[in-house]
Amino acid sequence: MTPKTIMLCAISSLSCGICDEDCAYCTQSKISKAKITRHDIKNVETVLEEAKIARANKALGFCLVTSGARLDDDKTEKVAKIAHAVSKNVPELMIIACNGMATSEQLKELKNAGVFSYNHNLETSREFFSKICTTHTWDERFDTNLNAKSVGLELCCGGIYGLGESEDDRISLRNSLKKLEPFSSPINFYMPCDGLGLGSKILDVSEAFRIIDDTKKALPNTHIMIAGGRQKVLKDRQYEIFDHGVSAIVLGDYLTQKGETMDKDVYELTKLGYKFATKCH
């Protein structure tokens, strides 16, 4: 049997906790009481070091994430500068940008700086979104993905499960994703955290696998990626995801919560016979 090839991605949290939005699931929101380290955009040298570590641990995707609802001209310039430096110094990495809502002009600047894909999740259904966020609309998120497509960026667009949404909401989210036809679609499982008001319940393992199966069925030509909550929800069954059509995971830490160490994931996956993608298909 030919070893299965999977894609590994890592996150660089360029800025953290500087946000005026009220997203109920996010530790960085203005209503969150979570104890996190807040900082403005990192310097280029720090991000380059993170990029080199990610690549040394077999990562192909490298996501540049900023806090806040949207890009402005200053933030666009800073992210573009970092993206250009990463593409020049660690050319093996495919750069993903995740910087909130954005115009076509801003996204074109990122693309010209070497960004391959733009990540902007819909998070949940259009019908449920106002229950978890009131400071911007679901439609603004959808339109940003259309803007990204219009300038030739690949889409990385998915959602988060376990927020109190109904099964109908999950179906609605997946139907919206089908319209966008993303290159990759992250599945995040809500991770309860002190300071957030969404309770402490986490998804059952069987429910999580059903969500993965339903997503792959809805998006058969999309790379399904498991991101936040992989270790906490799936625990010792986390590597079974690849038997359910998943082809990508996030390595290392998430934005404000710890993940598995990169080298441990690589070790375990290698031991299971997996190979790691060196280019995007």
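Computation of the quantities below employed the complete heavy-atom set of this structure, encompassing side-chain atoms and omitting hydrogens, waters and symmetry-equivalent molecules. In this chain, residues are counted from 1 in sequence order.
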Strictly below 4.0 Å, N to O, side chains only: are Lys131 and Asp169 in salt-bridge contact?
no

Does atom CD of Glu240 have more than 12 heavy-atom neighbours from other groups under 6.0 Å away?
yes

Phe242 side chain near Leu272 side chain, heavy-atom distance below 4.5 Å:
no

Flag if over 12 foreign heavy atoms under 6.0 Å of NZ, Lys42:
yes

Is there a side-chain contact between Ile202 and Phe189 in this structure, where contact means two heavy atoms from C-beta onward sitting under 4.5 Å apart?
no

Polar side chain donor-acceptor pair, Ser150 to Asn147, under 3.5 angstrom:
no

Should Val205 and Ile249 be counted in the same cluster of Ile, Leu, Val, Met, Phe, Trp and Tyr side chains packed under 4.5 Å apart?
yes

Side-chain donor-acceptor contact under 3.5 Å, Thr124 with Glu165
no

Give me the ring orientation class for Trp138 and Phe142: parallel if the planes are under 30° apart, tilted from 30 to 60°, perpendicular past 60°.
parallel

NZ/NE/NH1/NH2 to OD/OE distance under 4.0 Å, Glu268 and Lys271:
yes

Same cluster (ILVMFWY, side-chain, under 4.5 Å), Val266 and Ile6
yes

Compare every heavy atom of Asp263 with every heavy atom of Thr261, then report the nearest pair and how far apart it is.
OG1-OD1, 3.0 Å

Apply salt bridge (charged side-chain N to carboxylate O under 4.0 Å, His left out) to Glu49 and Lys52, showing your working.
CA-CA 5 Å; Glu49 186 60 30; Lys52 291 172 183 176; 5.1 Å; no

Going from CG on Asn188 to CD1 on Ile211, what distance comes out if it is rounded to the nearest 0.5 angstrom?
11.0 Å

Drop me the distance from Glu21's CD to Cys133's SG, to the nearest 0.5 angstrom.
6.0 Å

Roughly how far apart are Leu93 CG and Leu60 CG, rounded to 0.5 Å?
7.5 Å

Smallest separation among heavy atoms of Leu64 and Asn99, with atom names
O-ND2, 3.2 Å

Consider only side-chain heavy atoms of I, L, V, M, F, W and Y, link residues closer than 4.5 Å, and tell whether Ile53 and Val86 are in one cluster.
no

Residue pair Leu146 / Asp143, side-chain heavy-atom distance below 4.5 Å
yes

Quick check against the 3.5 Å criterion: does Ser67 have a side-chain atom that pairs as donor or acceptor with the backbone of Cys19?
no

Is Tyr267 reaching over with its side chain to a backbone N or O of Met262, donor-acceptor style, under 3.5 angstrom?
no

All pairs passing side chain to side chain donor-acceptor pair (under 3.5 Å) where residues 53-63 contributes a residue, at least two apart:
none

Counting only heavy atoms from other residues, nucleotides and ligands, does the tally under 6.0 Å from NE2 of His244 exceed 12?
yes

Within the structure provided, determine whether Phe129 and Leu122 are in side-chain contact (heavy-atom separation under 4.5 Å).
no

Any donor-acceptor pair under 3.5 Å linking the side-chain atoms of Asp139 with those of Thr137?
no

Flag side-chain contact, heavy atom, 4.5 Å: Leu107 against Lys111:
no

Within-4.5 Å side-chain heavy-atom neighbours: Asp40 and Ile18:
yes

Looking at every non-hydrogen atom in both residues, tell me the closest pair between Asn145 and Leu155 and how far apart they are.
O-CD2, 3.4 Å

Derivation of the side-chain contact (heavy atoms from CB on, under 4.5 Å) call for Leu196 and Tyr190:
CA-CA 11 Å; Leu196 295 179; Tyr190 175 65; 3.7 Å; yes

Less than 4.5 Å apart, side chain to side chain, heavy atoms only: is that true for Ser176 and Ser125?
no

If you apply the rule side-chain contact (heavy atoms from CB on, under 4.5 Å), what do you find for Ile187 with Val246, and how did you get there?
CA-CA 10 Å; Ile187 294 174; Val246 170; 5.9 Å; no

Verify same cluster id: Leu153, Leu219 (apolar side-chain graph, 4.5 Å)
no

Test item: Asn119 side-chain N/O and Cys156 main-chain N/O as donor-acceptor pair under 3.5 Å
yes

Would you please test Tyr161 and Glu207 for side-chain contact (heavy atoms from CB on, under 4.5 Å) and show each step?
CA-CA 10 Å; Tyr161 292 85; Glu207 186 176 8; over 6 Å; no

Separation between CD1 (Ile41) and CG (Asn43), nearest 0.5 Å, reads 11.5 Å

Stepwise side chain to side chain donor-acceptor pair (under 3.5 Å) check, Asp168 with Ser166:
CA-CA 5 Å; Asp168 284 344; Ser166 67; 5.0 Å; no

Once salt bridge (Lys or Arg N to Asp or Glu O under 4.0 Å) is applied, what residue pairs with a partner in residues 211-226 remain, sequence neighbours excluded?
Arg174-Asp214, Arg210-Asp214

Start with the C-alpha gap between Thr222 and Glu181, add the side-chain angles, then the distance that decides, and say whether side-chain contact (heavy atoms from CB on, under 4.5 Å) holds.
CA-CA 7 Å; Thr222 293; Glu181 299 179 308; 5.9 Å; no

What's the shortest heavy-atom distance between Met225 and Cys9, and which atoms?
CE-SG, 3.5 Å

Compute whether any side-chain donor of one residue and acceptor of the other, for Thr76 and Glu109, lie under 3.5 angstrom apart.
no

Any side-chain to backbone donor/acceptor pair from Asp265 onto Leu251? Under 3.5 Å, distance only.
no

Search all heavy atoms of Lys75 against all heavy atoms of Arg70 and return the closest pair with its distance.
NZ-O, 3.6 Å

Atom pair CG/NE2 of Asn112 and His84 - distance to nearest 0.5 Å
11.5 Å

Any luck finding a side-chain donor-acceptor pair between Ser15 and Thr66 under 3.5 Å?
no

Please report whether the ring centroid of Phe116 lies less than 6.0 Å from that of Phe183.
yes

What closest approach, in Å, do Gly61 and Ile96 show between heavy atoms, and which atom pair accounts for it?
CA-CD1, 4.1 Å

Please check this pair: side chain of Thr144 against backbone of Ala102, looking for a donor-acceptor N/O pair closer than 3.5 Å.
yes

Side-chain heavy-atom pair Ile241, Arg230 within 4.5 angstrom cut-off:
yes

For the pair Ser117 (side chain) and Glu154 (backbone), establish whether a donor and an acceptor sit closer than 3.5 Å, ignoring hydrogens and angles.
yes

Give, for atom NZ of Lys232 and atom SG of Cys193, the distance between the pair rounded to the nearest 0.5 Å.
7.5 Å

Taking Val250 as the starting point, is it possible to reach Tyr118 by hopping between hydrophobic residues whose side chains are less than 4.5 Å apart?
no

